[in-house]
Amino acid sequence: MNEIDVFDEFDGGETIQQYKVGIYDDDKAYMMSLMNHINSDRGNPFLALAFSGRDELQGYLRANSLDILLIDEKLYVDIWQELRGQRCVVLSGKRPAGTDSGSEISKYGEGWFGGSAESGSLEYGEQSGGGNVPGVLFKYSKARDIVRAVMKYMDADVPERRRKLFRSYGVISPVGRCGKTKLAISLCMNDEVRGGLYIGLEEFSSFEDREDVVSNVIYLIKERSDGFTDYVGENTVQLDDYSVLGYMRSYLDAMELDRSDVEWMLEQLRVWGRYTTIVLDIGQAVLKDLSVLSALDVIVVPELPDEQSQEKIRTFERLLESEELGKVAKRMKRVRVPDAAPGSAEMIRFIESQVMDKW
């Protein structure tokens with residue numbers, strides 16, 4: 001398996017959500033070229049992994065998962081029985097019958113191969129995945145067209161959370177005393193639409209929450225409780241310029257959160273409509289599942305200029321890369337928070353110039 005490592009600066013207009021795309025093709029030059037195009041393009045949410053052989057793909061899938069697999073047609077016909085339950089798009093060397101284009105994903109048999117089950121493709125497709133016919137795409141389409149087609153096929157182009165008015169932030173840093181909480185509060189205060197909601201997920205907060213609200217919220221999230229927003233509404237503290245949901249008494253509760261939990265929480269808050277900015281102030285040791293970060297629209301990482309602090313940031317990036325979250329690491333916005341009070345004119349100017357303009 002191969003992947004390209006890129007950590008260019010976040011260039012805005014993107015969400016953090018990452019999907020893992022496997023590529024398996026016997027044309028190694030084609031496969032590597034497509035993988036490199038996908039991974040070097042900041043405008044897509046994909047991290048591409050290339051597999052050089054059947055054993056390598058099988059070994060990976062035994063221990064990991066792919067959101068989608070792009071696989072050469074001939075190879076798919078050989079191993080379709082081993083891919084039951086795996087979402088696939090078959091890369092065909094032939095265009096669909098009656099058209100000059102093949103840059104849209106369709107089902108096997110819908111105009112492909114003259115409408116016949118040539119080479120047994122339709123037969124294999126109908127049997128794979130418990131009866132689900134895989135998608136098929138002309139493999140020699142332009143790389144950008146392949147990416148666009150896969151995004152559309154996965155409904156990954158414009159996630160529901162990405163709204164002009166609703167935005168979620170995660171503020172996290174391996175560096176101490178870098179202004180992380182100050183920045184998180186200021187992001188909430190900067191919302192002039194419906195206001196910002198601060199949620200404290202630090203290992204040890206300097207604020208005392210005797211009601212242990214956040215731990216209760218985590219329980220309701222895990223249960224997918226219908227009473228989630230009612231509880232949030234009843235226990236949120238409204239301050240002058242922003243609202244606080246609470247702080248954790250024990251960070252062990254937050255370690256139970258996974259990406260699907262945070263995605264569910266954000267969707268409930270978006271639909272509820274009480275707030276248009278949600279900010280999670282995250283302690284690094286709190287997250288057992290680092291893919292939680294991919295559920296958020298923007299990740300901001302406060303840093304300090306000294307070499308020790310910079311090495312900690314690089315270590316954090318390498319950790320994300322090792323968890324196959326390279327695209328998340330690439331899109332994080334590293335900032336140096338000014339020594340200014342939360343909500344001050346200086347802090348708001350900083351947010352507008354260093355954070356908001358990168359969205």
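A cation-pi arrangement, defined by a distance under 6.0 Å to the six-membered ring centre and an angle within 45 degrees of its axis, is absent between Lys94 and Phe138.
With Ser344 contributing its side chain and Ala340 its backbone, the two residues share no donor-acceptor pair below 3.5 Å. Using modelled atom types, one side-chain atom of Thr236 and one backbone atom of Val232 make a donor-acceptor pair closer than 3.5 Å. Side chain of Lys333 to main chain of Val301: no donor-acceptor pair is present (N/O by atom type, distance under 3.5 Å, no hydrogens or angles). Using modelled atom types, one side-chain atom of Thr276 and one backbone atom of Arg194 make a donor-acceptor pair closer than 3.5 Å. With hydrogens and angles ignored, the 3.5 Å screen pairs no side-chain donor or acceptor of Thr277 with any backbone N or O of Cys188. Remark: the backbone N or O of Tyr231 is paired with a side-chain donor or acceptor of Asn235 at under 3.5 angstrom. A side-chain donor-acceptor contact under 3.5 Å links Tyr24 to the backbone of Arg54. At distances below 3.5 Å, not a single donor-acceptor pair connects side-chain atoms of Glu303 with backbone N or O atoms of Val175. Using a distance-only test at 3.5 Å, with no hydrogens or angles considered, a donor-acceptor pair links the side chain of Asp297 to the main chain of Ser168. Checked by atom type and distance alone, the side chain of Ser33 never pairs as donor or acceptor with a backbone atom of Tyr30 at under 3.5 Å.
Asp306 CG: more than 12 foreign heavy atoms inside a 6.0 Å radius. For Lys288, the NZ atom sits in a loose shell: 12 or fewer heavy atoms of surrounding residues, nucleotides or ligands are nearer than 6.0 Å. Shown here is Arg224, whose CZ atom has more than 12 heavy atoms of other residues, nucleotides or ligands within 6.0 Å. A 6.0 Å sphere centred on CD of Gln238 holds more than 12 heavy atoms belonging to other residues, nucleotides or ligands. By the 6.0 Å contact criterion, CD on Glu307 is enclosed, its count of non-hydrogen atoms from other residues, nucleotides or ligands being greater than 12.
Counting heavy atoms from C-beta on, the side chains of Pro302 and Val171 come closer than 4.5 Å. Using a 4.5 Å heavy-atom threshold, the side chains of Ile146 and Lys142 count as separate. Proximity of Asp191 to Ile278: side-chain heavy atoms (C-beta onward) are nowhere separated by under 4.5 Å. Glu267 places none of its side-chain heavy atoms less than 4.5 Å from the side chain of Phe166. Inter-residue side-chain proximity for Leu83 and Leu69 is flagged as met; some heavy-atom pair is nearer than 4.5 Å. No side-chain heavy atom of Leu91 sits less than 4.5 Å from a side-chain heavy atom of Glu73.
In terms of hydrophobic clustering, with Ile, Leu, Val, Met, Phe, Trp and Tyr side chains grouped at heavy-atom distances under 4.5 Å, Leu183 and Ile348 are assigned to different clusters.
Taking all atoms of both residues into account, the shortest heavy-atom contact from Leu197 to Leu245 is CD1-N, 3.8 Å. Annotation for Pro305 and Gln310: closest pair O-CG, 3.8 Å, computed over non-hydrogen atoms. What you find for Ile313 and Pro174 is that their closest heavy atoms are CD1-CD, 3.7 Å. Between Met32 and Ala50 the shortest heavy-atom distance is SD-CB, 4.0 Å. The shortest heavy-atom contact between Pro338 and Glu346 is CB-OE2, 3.6 Å.
For the atom pair CD of Glu324 and CG of Leu49, the computed distance is 5.5 Å after rounding to the nearest 0.5 Å. One distance of note links CE of Met31 with NZ of Lys139; it measures 10.0 Å at 0.5 Å rounding. Leu320 CG to Glu317 CD: the interatomic distance, rounded to the nearest 0.5 Å, is 8.0 Å. The NZ atom of Lys20 sits 4.5 Å away from the OG atom of Ser65 when rounded to the nearest 0.5 Å. Atom-to-atom distance recorded for Cys88:SG and Leu66:CG is 9.0 Å, nearest 0.5 angstrom. Atom CD1 in Ile172 sits 5.0 Å away from atom CG in Leu287 (nearest 0.5 Å).
Neither side chain, Gln354 nor Arg334, offers a donor N or O lying under 3.5 Å from an acceptor on the other. In this structure, a donor-acceptor pair under 3.5 Å is absent between the side chains of Thr229 and Gln268.
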Check against side-chain contact (heavy atoms from CB on, under 4.5 Å), Val150 and Phe46:
CA-CA 10 Å; Val150 174; Phe46 299 135; 3.8 Å; yes

Apply salt bridge (charged side-chain N to carboxylate O under 4.0 Å, His left out) to residues Lys222 and Asp253 and explain how you reach the verdict.
CA-CA 11 Å; Lys222 299 296 290 187; Asp253 293 324; over 6 Å; no

Please step through side-chain contact (heavy atoms from CB on, under 4.5 Å) for the pair Glu203 and Met248, ending with a clear verdict.
CA-CA 8 Å; Glu203 297 95 329; Met248 291 190 302; over 6 Å; no

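The list of salt bridge (Lys or Arg N to Asp or Glu O under 4.0 Å) pairs with a residue in residues 169-180, not counting sequence neighbours, reads Lys180-Glu202, Lys180-Asp281.
Between Phe228 and Trp272, the distance separating the two ring centers is not shorter than 6.0 angstrom.
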